[in-house]
Amino acid sequence: MSDGFFSRGFHGRRPAAGSAGRIPPGQYLERGFPVLTAGPTPRVPLDRWDFRVVGPDGAERDRWTWEQFSALPHQEVTCDIHCVTQWSKLDTRWRGVPVDALLGELPESARFVVAFCDGGYTTNLPIEAVTGGKAWVTDVYEGEPLPAEHGGPARLLVPALYLWKSAKWVRGLRLAASDEPGFWERRGYHNYGDPWKEQRYWND
Ligand SMILES: Nc1nc2c(c(=O)[nH]1)N[C@H]1C(S)=C(S)[C@@H](COP(=O)(O)O)O[C@H]1N2
Ligand SMILES: [Mo]
């Protein structure tokens with residue numbers, strides 16, 4: 001996903017090398033990993049965790065327990081992430097299940113998804129933004145189980161869009177025929193959120 005080939009050799013020595021052209025307009029390079037959460041961090045025991053895919057009619061199409069989800073084929077993802085609060089972090093490393101594999105074969109009517117989470121957070125995405133190898137449900141960050149403050153046990157990862165679309169503590173995806181703005185989208189954030197177009201707020 002990223003041009004890690006060029007930047008890798010410079011880690012530690014010249015950390016800015018390789019960042020050219022990778023920081024979207026209005027963003028700055030962040031080396032830490034800030035935590036941004038509206039509300040408390042939910043903590044659900046793994047034996048009560050599941051991940052569900054729900055159809056446009058509200059019916060459950062698929063469900064995985066933690067054990068089943070953990071056993072699904074995972075991919076390594078190295079990507080840059082961009083937060084609407086203006087920080088970007090390069091070459092973050094994750095492991096996750098491609099959303100393509102979780103959604104499976106889609107009904108004609110499914111044109112959008114709403115990610116739903118423990119704690120009640122939601123975010124909406126057009127189906128094309130999460131299919132075709134562009135999104136994962138991740139449970140490993142930098143080789144370790146994803147920390148709770150960053151969305152563990154599992155979070156959606158959609159690196160091409162601002163990070164509010166990467167829902168933490170995600171518990172499922174609901175297919176939808178029409179678009180339904182999520183938590184931040186109803187509060188003034190842009191409906192799509194492309195960092196390269198600076199789609200931060202409603203009128204951008
Ligand atoms: N469930 C949930 N997911 C969420 C949020 C949240 O409040 N709840 N905040 C979003 C926002 S606004 C951002 S910028 C990123 C921050 O991710 P981080 O805390 O791992 O940096 O998570 C996104 N995912
Ligand atoms: Mo955010």
Side-chain angles (χ1 to χ4, degrees), residues 1-2 23-46 48-54 66 69 77-97 99 102 112-125 129-130 134-174 180-204:
M1 297 213 50
S2 64
I23 310 289
Q27 299 289 110
Y28 68 87
L29 182 60
E30 168 69 51
R31 297 183 196 288
F33 195 173
V35 173
L36 289 122
T37 302
T41 294
R43 290 170 199 274
V44 170
L46 293 181
R48 282 200 273 126
W49 187 94
D50 62 6
F51 189 91
R52 296 191 299 134
V53 173
V54 178
W66 177 256
F69 177 85
V77 184
T78 300
C79 61
D80 303 340
I81 55 178
H82 311 290
C83 177
V84 72
T85 61
Q86 297 191 288
W87 55 267
S88 289
K89 190 170 171 57
L90 303 184
D91 294 320
T92 60
R93 287 173 44 236
W94 308 77
R95 265 173 69 78
V97 178
V99 167
L102 296 166
F112 300 89
V113 295
V114 176
F116 55 91
C117 306
D118 283 315
Y121 186 87
T122 57
T123 190
N124 57 310
L125 301 120
V130 295
K134 295 196 284 290
W136 295 264
V137 175
T138 60
D139 53 358
V140 173
Y141 176 71
E142 299 291 343
E144 302 287 340
L146 179 62
E149 67 269 24
H150 288 300
R155 95 181 281 173
L156 186 63
L157 178 66
V158 191
L161 301 178
Y162 282 123
L163 200 57
W164 85 78
K165 296 286 184 180
S166 292
K168 304 196 281 188
W169 314 294
V170 69
R171 288 291 298 273
L173 297 171
R174 183 164 54 78
E180 299 169 30
F183 180 88
W184 279 122
E185 293 84 3
R186 285 196 300 268
R187 288 165 174 79
Y189 281 22
H190 196 276
N191 197 51
Y192 188 68
D194 182 343
W196 293 98
K197 296 181 178 161
E198 279 209 84
Q199 294 174 339
R200 299 176 192 275
Y201 307 109
W202 274 350
N203 297 319
D204 292 345

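Read the numbers this way: they start at 1 and go in the same order the structure lists the ligands and their atoms. FYI, side chains are in, hydrogens and waters are out, and symmetry mates aren't considered; it's all heavy atoms of this structure.
- Taking the six-membered ring for Trp and the full ring otherwise, the centers of Tyr121 and Trp169 sit at least 6.0 Å from each other.
- Taking the ring centroids of Trp49 and Phe69, they lie under the 6.0 Å cut-off.
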Please tabulate, one line per pair, the protein N or O atoms found under 3.5 Å from any N or O atom of ligand 1, giving the distance to one decimal.
| from | atom 1 | to | atom 2 | distance (Å) |
| --- | --- | --- | --- | --- |
| ligand 1 | 1 (N) | Lys168 | O | 2.8 |
| ligand 1 | 3 (N) | Lys168 | N | 2.9 |
| ligand 1 | 7 (O) | Ala38 | N | 2.8 |
| ligand 1 | 9 (N) | Leu36 | O | 3.3 |
| ligand 1 | 17 (O) | Arg155 | NH2 | 3.1 |
| ligand 1 | 19 (O) | Leu36 | N | 2.8 |
| ligand 1 | 19 (O) | Lys168 | NZ | 2.5 |
| ligand 1 | 20 (O) | His150 | ND1 | 2.6 |
| ligand 1 | 20 (O) | Arg155 | NH1 | 2.7 |
| ligand 1 | 21 (O) | Pro34 | O | 2.6 |
| ligand 1 | 22 (O) | Arg155 | NH2 | 3.2 |
| ligand 1 | 24 (N) | Ser166 | O | 3.3 |

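- Taking the six-membered ring for Trp, Phe33 and Tyr141 have ring centres closer than 6.0 Å.
- By the 4.0 Å N-to-carboxylate-O rule, Lys165 lies close enough to Glu185 to be salt-bridged with it.
- The side-chain contact (heavy atoms from CB on, under 4.5 Å) check on Glu30 picks up Tyr28, Pro34, Trp87, with sequence neighbours excluded.
- The existence of a salt bridge linking Arg171 and Asp50 is confirmed by a sub-4.0 Å separation between a basic side-chain nitrogen and an acidic carboxylate oxygen.
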